[in-house]
2 protein chains.
Amino acid sequence: MAEDQLSRAFTALADPTRRDIVARLSLADATPGQLAEPFAMSLQAVSKHLKVLEEAGLISRSRDAQRRPCHLETAVLDEMTAWVDRYRRNAEERFRRLDAVLAAMDDDMHDDAHDTQHNDEHQQDEDEGVASP
Amino acid sequence: MAEDQLSRAFTALADPTRRDIVARLSLADATPGQLAEPFAMSLQAVSKHLKVLEEAGLISRSRDAQRRPCHLETAVLDEMTAWVDRYRRNAEERFRRLDAVLAAMDDDMHDDAHDTQHNDEHQQDEDEGVASP
DNA sequence: GTTGTTATCAACCAATCGGTTGAGAAAGAG
DNA sequence: CTCTTTCTCAACCGATTGGTTGATAACAAC
């Protein structure tokens, strides 16, 4: 299964039922019973979904008599946007540089034959070590 | 399986191997062979991962002789951050209002007994309709 | 043509996922 | 105490996942 935090978080949000739960918890805390009500599935199934969300760190649960109200935690959501945004920015920065190179080549076409050395596809820093099997 | 775009995208990034591929593609386009090289798994396995990423709309593939260079697409990454950020903001805005209510209650303690009606947990707009089974 | 390289397709397999039902724990109400 | 409500745990089931190996397609090089 998904071993690390980020894998658990993405796995959790990969399910539309769980995304709907997160969407509703963003508006108000709710008990498993309240969360299960609009779905055409058993309370036990929703309970499993909540467990997945909790183990991903996306929600926390307190206690109120028999009830176990669920609360959305935003820290892991932050980590997710940070990850996605980092690589989106990497890519867009790369495209921006490529556009600049193409523009320079276009200039040379109209200008003269300069010795342009365009040097895209260079390596940068890297984290998230090579995935282990 | 994951039927909608967002589910496919989150599912795709739920796997550490695929996240590593995305990370490297954010720096430079690469062929399946180049992408498979650092992994301790077969080229066929990586080819499957690329198929998942492609069907999620996260990468596109062109053609160069036998090679099928992969290119990271940023549009779906944008949709993912948009989704996550929306509900993170919902939650944080809600917490901010709750803090305000608590501060007002604290004021009343020091002030006098006013007829404060604090009205959190109200409903807002909602999309992502109730998930179908 | 044949050979070599690159990548995908197909079939298989163990493990996981998302649901079910049934039993039981935990707490308030009579 | 018993009864009800709320929720979780356990066992089961079919479908999907993530890997494997083997065959094959597509193209370059010879």
Side-chain angles (χ1 to χ4, degrees), chain A residues 1-4 6-22 24-25 29-56 58-71 130-133, chain B residues 1-22 24-25 28-56 58-71 130-133:
Chain A
M1 203 244 234
E3 53 293 310
D4 59 303
L6 219 38
S7 293
R8 278 192 290 264
F10 279 115
T11 299
L13 293 193
D15 185 280
T17 300
R18 289 193 290 260
R19 279 203 307 282
D20 189 82
I21 290 175
V22 166
R24 283 156 60 206
L25 286 178
D29 292 359
T31 67
Q34 294 171 326
L35 291 169
E37 191 268 327
F39 295 122
M41 72 178 74
S42 67
L43 174 64
Q44 291 94 319
V46 172
S47 186
K48 277 196 190 181
H49 283 303
L50 293 174
K51 194 175 183 184
V52 172
L53 289 168
E54 186 177 34
E55 282 170 353
L58 286 165
I59 69 171
S60 60
R61 281 134 132 182
S62 47
R63 188 164 258 298
D64 166 36
Q66 317 101 311
R67 264 140 267 129
R68 304 294 312 280
C70 300
H71 177 84
V130 173
S132 48
Chain B
M1 203 244 236
E3 53 294 309
D4 59 302
Q5 177 88 39
L6 219 39
S7 293
R8 278 190 291 263
F10 279 114
T11 299
L13 293 193
D15 185 280
T17 299
R18 289 192 291 260
R19 279 203 307 283
D20 188 82
I21 289 173
V22 165
R24 283 156 61 206
L25 286 179
D29 292 0
T31 66
Q34 294 171 327
L35 290 169
E37 191 268 326
F39 295 122
M41 70 178 73
S42 67
L43 174 63
Q44 289 96 319
V46 172
S47 186
K48 277 196 191 181
H49 282 303
L50 293 174
K51 194 176 181 183
V52 172
L53 289 168
E54 186 177 33
E55 281 169 355
L58 286 165
I59 70 170
S60 59
R61 281 135 132 182
S62 47
R63 188 164 257 299
D64 168 36
Q66 316 100 311
R67 264 140 267 127
R68 303 294 312 276
C70 300
H71 177 84
V130 173
S132 45

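Below, chains carry the letters A, B, ... as their sequence lines are ordered, and counting in each starts from 1.
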Q | Residues in salt bridge (charged side-chain N to carboxylate O under 4.0 Å, His left out) contact with A/Arg67, at least two apart in sequence or another chain | A | A/Asp64
Can you find a side chain N or O atom of [X] that sits less than 4.0 Å from OP1 or OP2 on [N]?
| X | N | value |
| --- | --- | --- |
| A/Thr31 | D/dC7 | yes |
| A/Arg18 | C/dG18 | yes |
| B/Ser47 | C/dT8 | yes |
| A/Ser42 | C/dT20 | yes |

Say you draw a straight line from [atom1] of [X] to [atom2] of [Y]; how long is it, rounded to the nearest 0.5 Å?
| X | Y | atom1 | atom2 | result |
| --- | --- | --- | --- | --- |
| A/Leu53 | A/Arg61 | CG | CZ | 9.0 Å |
| B/Ser62 | B/His71 | OG | NE2 | 8.5 Å |
| A/Leu13 | B/Leu6 | CG | CG | 8.5 Å |
| B/Leu35 | B/Ile21 | CG | CD1 | 5.5 Å |

Q | side-chain contact (heavy atoms from CB on, under 4.5 Å) involving A/Gln66 - partner list, sequence neighbours excluded | A | none
Between [options], which nucleotide has the shortest distance from any of its atoms to the side chain of [X]?
| X | options | result |
| --- | --- | --- |
| B/Lys51 | C/dG19, C/dC9, C/dT8 | C/dC9 |
| B/Asp15 | D/dG18, D/dC7, C/dT8 | D/dG18 |
| A/Ala45 | C/dT20, D/dT8, D/dT20 | C/dT20 |

Quick one: [X] [atom1] to [N] [atom2], roughly how many Å, whole number?
| X | N | atom1 | atom2 | answer |
| --- | --- | --- | --- | --- |
| A/Arg8 | C/dC17 | CZ | C1' | 16 Å |
| A/His49 | D/dT8 | NE2 | C1' | 15 Å |
| B/Arg68 | C/dT5 | CZ | P | 21 Å |
| A/Met41 | D/dT8 | CE | P | 15 Å |
| B/Arg61 | C/dA7 | CZ | C1' | 9 Å |
| A/Glu55 | D/dT8 | CD | C1' | 13 Å |
| B/Leu43 | D/dG19 | CG | P | 13 Å |
| A/Phe10 | D/dT17 | CZ | C1' | 18 Å |

Q) Do the side chain of A/Arg63 and the main chain of A/Ala65 share a donor and acceptor less than 3.5 angstrom apart? A) yes
All N/O contacts under 3.5 Å from nucleotides 11-13 of chain C to the protein, with atom names and distances to one decimal?
none

(Q) Please encode protein proximity along nucleotides 23-30 of chain C as a string of B, S and -, counting only heavy-atom distances under 4.0 Å. (A) ----BS--
Q) Is the closest basic N to carboxylate O distance between A/Arg24 and A/Asp20 below 4.0 Å? A) yes
Q) Hey, is B/Arg8 close enough to B/Glu55 for a salt bridge, meaning N to O under 4.0 Å? A) no
Name each donor-acceptor pair under 3.5 Å that joins a side chain in residues 37-52 of chain A to protein atoms two or more places apart or in another chain, with its distance.
| from | atom 1 | to | atom 2 | distance (Å) |
| --- | --- | --- | --- | --- |
| A/Ser42 | OG | A/Ala45 | N | 3.1 |
| A/His49 | ND1 | A/Arg18 | NH1 | 3.1 |

